[in-house]
J.: 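Take a look at this one; I'll ask things after.
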Amino acid sequence: DATPAPATCSDALATQCLPCVNEALAAVAPPSIDNGGGSKTYNCSLPGLESFVPGQYEGIKVNYLSFVTETSSPSMPVRAAELEACTGGQIFFAEAENVWEDPLADLGSGEVKGFELYDGYFMSYSHFPEASSKGLAETLNERIREANDRLLWEDVLPKVKTMGEYRKDGQTNIDFLMYDGDFFVPIIRLDLLEKYNKPLPNTWEEVVELAVFFHGRDLNDDGNEDDFGFCHFPRQGAGYWDWWWPEAVYSTWATFDQTQGIGEGFFFDSETMSPRTSDPGFKKAAEIWKTLWEHGADGCITDNFISGRCAIGFSPPGCWKGIFLNPDGVHRKDANGTIVWQPRLKSGDVVEPYRFRPFGSTGYYDRKTNEFKDCTEEACPRAEPVPAKGHDDLIAEEKLTSSYAPRAQILEEILPPSPLTGKFVNRAPFYWSGGLGTLIRKSADKVKKDFVWDFFVYTNSPATSVYDVANYASWLDDWRFSQLFPGDNFLAGGWSQDSYEEHAAVMRWALSTESNGALNLRIPALAQYTRDTVGELMGKYISNDVTLEQMSSQVTSGWERITNEQGKLNQLNIYRAALGLDSLLTVDKCRLHREEMDMIDPSVCKQYDDHNTTLIIIVLSSIVGAGVVILVVYFLYKRYKAFQKIKIAHERQMESTLNEATRALRMLDYPLHLISAQDFIKGGKLLQHERLRNSHRLTVLDNLADVDSFIQAGKQVVFFSHQWT
């Protein structure tokens, strides 16, 4: 059943928003009513509330630290009021001044104990690993298993699950419940590509060429040749997000430096913790963004794109919701509010912007040879051939008979073929700091943790989120299959069929198991690395105060200084854990980081040392004769060294075997891809995996915890083998 459309409140969410929400929701979810004598009537009739015992949290009050709720997550206080009407428990919203620093200040940071005023937090996924590393976050694995009949974990998109994971003590913990599949997404004006006979850009070099070409032209027929080639977000002057505009540079850097998937990373060497900011990949990304900055403007917090002043947009999906929810789309009005211009094709038809996969690179930086090389299937295993026109998801054969066929025909007619058709392009959808979710403080009272968890389950589950993600112009972007497909929620919310189809295709691909998604830097002192170092120095580079080489060198030295101040081994451990990697073996830490290891405990690495036997040789030689003793000691010394090598190799092998065995207990080497029985029977035959994937009919389970949750939800799996029949 569709969730009833909730009322909204206007300006009352600055600090305490519940009174406004309760008043607005009177007709939707009446609050619990005191009938006198202490008895109350509760309303648990809404979808997602059926499993609660009416009044089960009566008298319980929890504090929830949110952030600009009215803009970021306006559905949350609405759902909190509904939960209160059912359970009696109250959730008090407070607004953080800084979504990145305030939650950690309350939880605890470094050696400083937190204030512990709040029980739950709305925060960026980039910052929770610091809390996880110190054991301050509630691990949610068991809670997810127990609540999966409501939460439906298997419905969450694969890469979204990964964003909330943290590797610790040989196991993968889920410490952060994501509400947001957030990455940088491009949109482009098709009318301009047709008018100037320009192909769709697939690489960053092509984007730069188009940005320079369109910048300074009149793109909306207002008579002013002052419009923008490239509009992006964040950009300096972006308010809350001003700190993080350098992450746009990271999104480009990833396409040059990460080819092997999400666990490879690209910011630091994952063994030495040496910054990779002196490598050609970072420098090339910086050069590109210097040019784009000079030929661009904001792409989210202004009306630049919706008023027709931008050729290309590059921002998180939430920035584009306002365009596709607006019935007028991209347009310009006169002083009387009359539409006087909309983007039109040569045929005269109004045309919506085209949303497609993030830009990539046909080359990559080879870390072994320190050279740029062309992508091949072997070197860039997650790369894909550049399609002639558009992207493959929606121009697949089976889609041409759908309602998207007219749009596909337009692309076929107006776009010239790409000059890179058939070449492999390495794309890396970049999951930036805007990816938001929730965390529970581990030290909170148990009943408060249970209540906060039930609030998170209610708001995250398909019962509410399928409606909320499509109907609120919020910062929260799709994180579930059910939010994307079949798409009735988007169409009912005002999206056109074409804009929905393109949005769903890009989201499904970017957050799938197969994509080369790139995680943001997620270690302590993130603001110092990104805002204070890269941001400041990129600003100087853009304004020509420093050269590219000077900027790169100073970023590298700055990152090294911050890493040493924070503790190199501590940063290394968290960096690896945030990538899903186990900590380095002790023997490797001693080999690569001896100085840091000795500062912690000088005895640890001594077992791996080659002991000097010179003193023994001298003493014995003086007693029994130099010649014999030297031969004997030399023989023993060689035996000893061989023994040490065997011992170290054995310890390394045993530790690696144990880590792999522990991982194998929880992870699947190959994801389990399932098709529903109804779809299987409807197909009438065994269908190719690729066709099922592209038509969004597969459920993907990445680990045994997902399988357990799937089975515990009452579902069954039937396996047919056709390989040897």
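Below, each value reflects all heavy atoms present in this structure, side chains not excepted, and no hydrogens, waters or symmetry copies.
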J.: I would like to know whether Tyr431 and Leu511 meet side-chain contact (heavy atoms from CB on, under 4.5 Å); could you show each step before the answer?
T.: CA-CA 9 Å; Tyr431 312 131; Leu511 299 170; 3.7 Å; yes
J.: Whether the Ser496 and Ser499 side chains hold a donor-acceptor pair (N or O, under 3.5 Å, no angle test) is what I'd like checked.
T.: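 On atom types as modelled, these side chains qualify, holding a pair under 3.5 Å.
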J.: Over 60° means perpendicular and under 30° means parallel, so classify the ring planes of Phe52 and Tyr458, tilted if in between.
T.: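 Because their plane-to-plane angle is over 60°, the rings of Tyr458 and Phe52 count as perpendicular.
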J.: Is Trp453 close to Leu151 at the side-chain level, that is, under 4.5 Å between some pair of heavy atoms?
T.: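 The answer is yes; the side chains approach within 4.5 Å.
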J.: Between Ser126 and Ser433, do the side chains contain a donor N or O and an acceptor N or O under 3.5 Å apart?
T.: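 Indeed, the side chains of Ser433 and Ser126 share at least one donor-acceptor pair under 3.5 Å.
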J.: Do Leu686 and Phe680 come within less than 4.5 Å of each other through their side chains, counting heavy atoms only?
T.: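 Result yes, sub-4.5 Å side-chain heavy-atom pair found.
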J.: Just how far is it from atom CD1 of Ile262 to atom CG of Leu579, taken to the nearest 0.5 Å?
T.: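 Those atoms lie 8.5 Å apart.
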J.: Do the side chains of Leu491 and Gln497 get nearer than 4.5 Å, heavy atoms only?
T.: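 Yes; the side chains approach each other to less than 4.5 Å.
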J.: Between Pro416, Ser418, Pro417, Pro199, which is the residue that forms a side-chain contact (heavy atoms from CB on, under 4.5 Å) with Lys389?
T.: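 Answer to the side-chain contact (heavy atoms from CB on, under 4.5 Å) test with Lys389 among Pro416, Ser418, Pro417, Pro199: Pro417.
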J.: Can any side-chain N or O of Asp257 pair as donor or acceptor with the backbone N or O of Trp253 at less than 3.5 Å?
T.: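 No: the side chain of Asp257 does not pair with the backbone of Trp253.
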J.: Of Gln258, Arg382, Arg427, which meets side-chain hydrogen bond (donor to acceptor under 3.5 Å, both in side chains) against Asn516?
T.: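 Testing each of Gln258, Arg382, Arg427 against Asn516, the sole residue satisfying side-chain hydrogen bond (donor to acceptor under 3.5 Å, both in side chains) is Gln258.
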J.: Angle between ring planes, Trp495 versus Phe324, binned at 30° and 60°: parallel, tilted or perpendicular?
T.: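 Trp495 and Phe324: parallel rings.
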J.: Mind checking whether Tyr250 and Phe430 have parallel, tilted or perpendicular rings, split at 30° and 60°?
T.: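 Judged by the thresholds at 30° and 60°, the geometry between Tyr250 and Phe430 is perpendicular.
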J.: A side-chain contact here means heavy atoms from C-beta on lying under 4.5 Å apart; do Tyr57 and Ile91 qualify?
T.: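 They are not in side-chain contact.
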J.: Kindly say whether Trp509 contributes a backbone atom to a donor-acceptor pair with the side chain of Arg357 at under 3.5 angstrom?
T.: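 Not a single qualifying donor-acceptor pair exists.
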J.: Please examine the side chains of Leu420 and Glu206, heavy atoms only from C-beta on, and report whether any two atoms are closer than 4.5 Å.
T.: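 A side-chain contact exists here, since the closest heavy-atom pair is under 4.5 Å.
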J.: Where the side chain of Arg576 meets the backbone of Asp582, is there a donor-acceptor pair that is under 3.5 Å apart?
T.: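 Indeed, once roles are kept as given, a pair shorter than 3.5 Å links the two residues.
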J.: Decide, yes or no, whether a salt bridge links Asp478 with Arg508 under the criterion of side-chain N to carboxylate O below 4.0 Å.
T.: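 Salt bridge between Asp478 and Arg508, a charged N being under 4.0 Å from a carboxylate O: no.
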J.: Would you say Thr259 and Asn426 are linked by a side-chain donor-acceptor pair, where the criterion is simply a distance under 3.5 Å?
T.: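 Absent: no donor and acceptor within the cut-off.
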J.: Salt bridge check, Asp468 against Arg79: does any charged N sit closer than 4.0 Å to a carboxylate O?
T.: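 Between Asp468 and Arg79 there is a salt bridge, with a charged N closer than 4.0 Å to a carboxylate O.
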J.: Using only heavy-atom distances, determine whether the side chains of Tyr125 and Asp182 contain a donor-acceptor pair under 3.5 Å.
T.: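 Per modelled atom types, Tyr125 and Asp182 side chains form no pair under 3.5 Å.
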J.: Taking side chain as C-beta onward, heavy atoms only, is Ile174 less than 4.5 Å from Lys161?
T.: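 They are not in side-chain contact.
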J.: Please assess Ser45 against Asn43 for the test side chain to side chain donor-acceptor pair (under 3.5 Å), listing each intermediate value before the final yes or no.
T.: CA-CA 6 Å; Ser45 62; Asn43 178 11; 2.6 Å; yes
J.: Are Phe305 and Trp320 close enough that their ring centers fall under 6.0 Å?
T.: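 Ring centres of Trp320 and Phe305 closer than 6.0 Å.
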J.: Show the numbers, then the answer: is there a side-chain contact (heavy atoms from CB on, under 4.5 Å) between Ser515 and Lys159?
T.: CA-CA 9 Å; Ser515 83; Lys159 287 297 196 298; 3.6 Å; yes
J.: Could you check if a side-chain atom of Met163 sits within less than 4.5 angstrom of a side-chain atom of Leu519, using non-hydrogen atoms only?
T.: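 SC-SC contact between Met163 and Leu519 confirmed.
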J.: My understanding is that only residues two or more places apart in sequence, or in another chain, count here; which of them pass side-chain contact (heavy atoms from CB on, under 4.5 Å) with Ala379?
T.: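 Checked Ala379 against side-chain contact (heavy atoms from CB on, under 4.5 Å); matches are Tyr364, Thr376.
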J.: I need the single residue from Asn460, Leu436, Asp477 that forms a side-chain contact (heavy atoms from CB on, under 4.5 Å) with Tyr179. Which is it?
T.: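 Exactly one candidate clears the test, Asn460.
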J.: Within the 3.5 Å criterion, strictly below it, is a donor on Asp169 or Gln171 matched to an acceptor on the partner's side chain?
T.: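 Per modelled atom types, Asp169 and Gln171 side chains form no pair under 3.5 Å.
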J.: Begin from the C-alpha positions of Asn202 and Lys423 and carry the test side-chain contact (heavy atoms from CB on, under 4.5 Å) through to its verdict.
T.: CA-CA 10 Å; Asn202 282 278; Lys423 288 193 174 183; over 6 Å; no
J.: Under the side-chain hydrogen bond (donor to acceptor under 3.5 Å, both in side chains) test against Asp155, which residue among Ser461, Ser482, Ser465 passes?
T.: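 Only match with Asp155 under side-chain hydrogen bond (donor to acceptor under 3.5 Å, both in side chains): Ser482.
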J.: Does the pair Glu501/Arg407 count as a salt bridge with the N-to-O cut at 4.0 Å?
T.: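 Result for this pair is no, no salt bridge flagged.
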J.: Taking the six-membered ring of Tyr166 as reference, does the NZ or CZ atom of Arg522 fall below 6.0 Å from its centre and within a 45° cone about the axis?
T.: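 No cation-pi geometry.
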J.: Taking the side chain as C-beta and beyond, is there a heavy-atom pair between Ile188 and Phe356 under 4.5 Å?
T.: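 Heavy-atom side-chain distance check passes, below 4.5 Å.
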J.: Is there a side-chain contact (heavy atoms from CB on, under 4.5 Å) between Glu352 and Val330 once you walk through the steps?
T.: CA-CA 7 Å; Glu352 289 185 306; Val330 176; over 6 Å; no
J.: Rounded to the nearest 0.5 Å, how far does CG of Leu415 lie from CG of Leu190?
T.: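 Result: 6.0 Å between the selected atoms.
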